[in-house]
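All remarks here apply to the structure that follows.
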Amino acid sequence: MTVEIEEALNLEKVIFIDVRTESEYEEDHILNAINMPLFMNDEHKEVGTIYKMLGKHEAIQKGFDYVSYKLKDMYLELSKLANEYDNMVVYCARGGMRSGSITNVISSLGINVYQLEGGYKSYRNFVLDYFKIAMDKKKLISVHGLTGVGKTDLLHMLEDKGIDVLDLEGLAKNSGSIFGFITFDVKSPSQKMFETEIFEKFYFSKEDLIFVESESKRVGHNSVPNEIYESMVGDCYHIILEVNLKNRVERLCRDYIYSKNEENIDDLKECINKFRKRLSNKVIDEYLELLDTKKYEEVVERYLIEYYDPLYMHSIEKYEYDEVVSFDDETKALDKVLDYYNRLLINQKEN
């Protein structure tokens with residue numbers, strides 16, 4: 001039994017089973033899919049080589065050698081999943097032999113499964129096509145502010161309230177600066193996986209209004225899809241957070257130093273050294289001395305005043321803001337943002 005991707009994504013209580021190799025899965029996969037590879041990476045490569053050199057029949061024979069010993073464990077695992085989910089969808093790269101063979105075998109054992117038509121490729125095409133039309137219906141609320149004002153904190157607070165947010169830094173595992181990798185302990189996703197996560201946030205959003213932190217097009221190693229980025233800087237609502245300098249310094253020290261138990265000081269020094277051409281050797285040596293003497297708040301404050309604020313002020317000043325929010329009192333700020341959001345929702349539904 002086969003199913004097309006749009007129908008599959010909207011099935012109730014559905015679990016996707018990715019039977020591609022681990023490396024294929026790691027590059028990108030349908031979000032929350034479980035990887036049950038028919039072939040290990042080297043096995044898949046060898047079967048492919050045999051197919052090219054000797055033909056389909058010989059490749060199938062070798063494939064059976066690699067698959068046969070895995071079938072029992074796969075059956076047991078799928079049997080457990082069948083008790084947890086109403087629908088299971090198996091997919092491979094293009095909806096061909098790998099997903100077809102395992103679907104047939106598992107179906108013959110009495111487990112109801114679908115085979116995804118077109119496999120992962122159909123999903124990837126669906127994602128890219130969706131981006132072309134996503135902003136026809138969805139609208140972003142872009143959150144602006146200088147470094148350390150708490151834009152990400154606000155997104156997390158909104159998400160805790162069940163509001164749709166697009167945390168690009170969280171998805172990219174990078175806070176978007178030379179220091180960006182320090183706040184995350186895992187590697188960045190592939191570009192395809194980054195786009196998949198953005199797609200899922202949009203496609204399954206509860207409302208057509210989505211909060212996003214104002215970002216450059218590139219976030220760490222990843223790039224925001226053109227259609228999304230153009231909306232972020234153009235046709236969307238813009239709000240700005242304002243926070244006193246002391247709170248900004250405390251927030252940055254929390255995120256980059258104290259939450260890491262000061263174990264990342266060497267990483268901070270390495271990053272700071274990259275600014276020598278921009279800020280002079282004298283200034284950088286002073287920053288490093290402040291770090292060595294654990295005067296963390298002082299070095300962060302100087303960095304903001306002497307570098308980041310002058311650098312980013314121009315991008316702050318180029319927008320007209322629909323709402324200005326003081327984030328010094330986070331509870332009051334959240335209430336104000338929620339009130340603004342609810343007014344937008346009402347206006348959107350009336351129109």
Side-chain angles (χ1 to χ4, degrees), residues 1-45 47-48 51 56 59-60 62-131 164 171 189-190 192-206:
M1 186 161 50
T2 61
V3 62
E4 294 184 355
I5 182 60
E6 186 167 11
E7 181 183 353
L9 289 171
N10 291 286
L11 288 171
E12 295 292 330
K13 292 190 68 176
V14 61
I15 184 70
F16 288 88
I17 310 298
D18 187 328
V19 297
R20 300 175 302 156
T21 63
E22 290 179 352
S23 61
E24 290 174 295
Y25 176 84
E26 287 173 2
E27 182 185 21
D28 187 29
H29 55 269
I30 298 176
L31 215 58
N32 299 323
I34 295 175
N35 190 209
M36 291 188 196
L38 279 183
F39 303 124
M40 298 298 102
N41 295 331
D42 55 342
E43 294 172 350
H44 184 241
K45 184 176 180 180
V47 170
Y51 185 91
K56 181 177 180 179
I60 290 175
K62 175 55 69 175
F64 275 124
D65 292 339
Y66 288 140
V67 171
S68 56
Y69 73 94
K70 302 184 182 88
L71 287 177
K72 180 180 177 181
D73 289 339
M74 292 183 75
Y75 169 71
L76 293 174
E77 190 167 355
L78 288 167
S79 295
K80 291 179 182 178
L81 291 171
N83 292 325
E84 299 175 31
Y85 297 91
D86 293 340
N87 296 286
M88 285 193 291
V89 180
V90 177
Y91 70 93
C92 59
R94 294 178 177 82
M97 190 173 297
R98 281 182 287 177
S99 59
S101 60
I102 193 63
T103 301
N104 289 334
V105 170
I106 298 302
S107 294
S108 69
L109 296 173
I111 297 177
N112 185 37
V113 296
Y114 292 97
Q115 179 187 5
L116 180 62
E117 288 187 20
Y120 164 78
K121 186 177 181 180
S122 69
Y123 175 73
R124 176 64 181 166
N125 289 336
F126 187 81
V127 169
L128 296 178
D129 288 341
Y130 179 81
F131 285 144
D164 296 302
L171 299 183
S190 69
K192 288 181 179 178
M193 193 70 229
F194 181 62
E195 291 170 357
T196 283
E197 291 179 316
I198 293 173
F199 161 77
E200 298 264 352
K201 291 291 185 181
F202 271 79
Y203 191 76
F204 293 109
S205 62
K206 295 182 286 294

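These numbers come from a predicted model, not from an experiment.
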Who passes side-chain hydrogen bond (donor to acceptor under 3.5 Å, both in side chains) against [X], sequence neighbours left out?
X	value
Tyr203	Asn10
Thr103	none
Glu7	none
Ser205	Lys138

Just do the side chain to side chain contact (heavy atoms under 4.5 Å, CB included) check on Tyr123 and Thr196 with the steps written out, would you? CA-CA 9 Å; Tyr123 175 73; Thr196 283; 3.3 Å; yes
Under the side chain to side chain contact (heavy atoms under 4.5 Å, CB included) test, which residues partner Phe204, sequence neighbours left out?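 Only Leu9, Glu200 meet the side chain to side chain contact (heavy atoms under 4.5 Å, CB included) criterion with Phe204.
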Can you name the side chain to side chain contact (heavy atoms under 4.5 Å, CB included) partners of Glu4, sequence neighbours left out?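 Glu117.
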Sequence-distant partners of Phe202, ring-ring contact (aromatic ring centres under 6.0 Å, His included), two or more places apart: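 So Phe202 forms no ring-ring contact (aromatic ring centres under 6.0 Å, His included) with any residue.
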Would you indicate whether the side-chain heavy atoms of Ser99 and Leu116 approach each other to under 4.5 Å?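 No, side chains not in contact.
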Please step through side chain to side chain contact (heavy atoms under 4.5 Å, CB included) for the pair Val113 and Ile102, ending with a clear verdict. CA-CA 10 Å; Val113 296; Ile102 193 63; over 6 Å; no
Nearest heavy-atom neighbours spanning Met74 and Leu38: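 Here Met74 and Leu38 meet closest at SD-CD2, 3.8 Å.
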With side chain to side chain contact (heavy atoms under 4.5 Å, CB included) as the criterion, how do Met193 and Leu171 come out once you've worked through the C-alpha distance, each side chain's angles and the decisive distance to 0.1 Å? CA-CA 9 Å; Met193 193 70 229; Leu171 299 183; over 6 Å; no
Does anything in residues 26-35 pair up under salt bridge (charged side-chain N to carboxylate O under 4.0 Å, His left out), and if so which pairs, sequence neighbours excluded?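 Residue pairs passing salt bridge (charged side-chain N to carboxylate O under 4.0 Å, His left out), neighbours aside: Glu27-Lys192.
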Of all pairs that satisfy side chain to side chain donor-acceptor pair (under 3.5 Å), the ones with a partner from residues 79-97, not counting sequence neighbours: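 Every side chain to side chain donor-acceptor pair (under 3.5 Å) pair that includes a residue of residues 79-97, provided the two are not neighbours, is Asp18-Tyr91.
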Enumerate the residue pairs fulfilling ring pair (Phe, Tyr, Trp, His ring centres under 6.0 Å) with a member in residues 11-37, sequence neighbours excluded, ordered by first and then second residue.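 Residue pairs with at least one partner in residues 11-37: Tyr25-His29.
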For Glu197, all residues meeting salt bridge (charged side-chain N to carboxylate O under 4.0 Å, His left out), sequence neighbours excluded: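 Glu197: no salt bridge (charged side-chain N to carboxylate O under 4.0 Å, His left out) contacts found.
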What verdict does the side chain to side chain contact (heavy atoms under 4.5 Å, CB included) test give for Val14 and Tyr114, after you've listed the backbone C-alpha separation in whole Å, the side-chain angles of each residue and the deciding distance to 0.1 Å? CA-CA 10 Å; Val14 61; Tyr114 292 97; over 6 Å; no
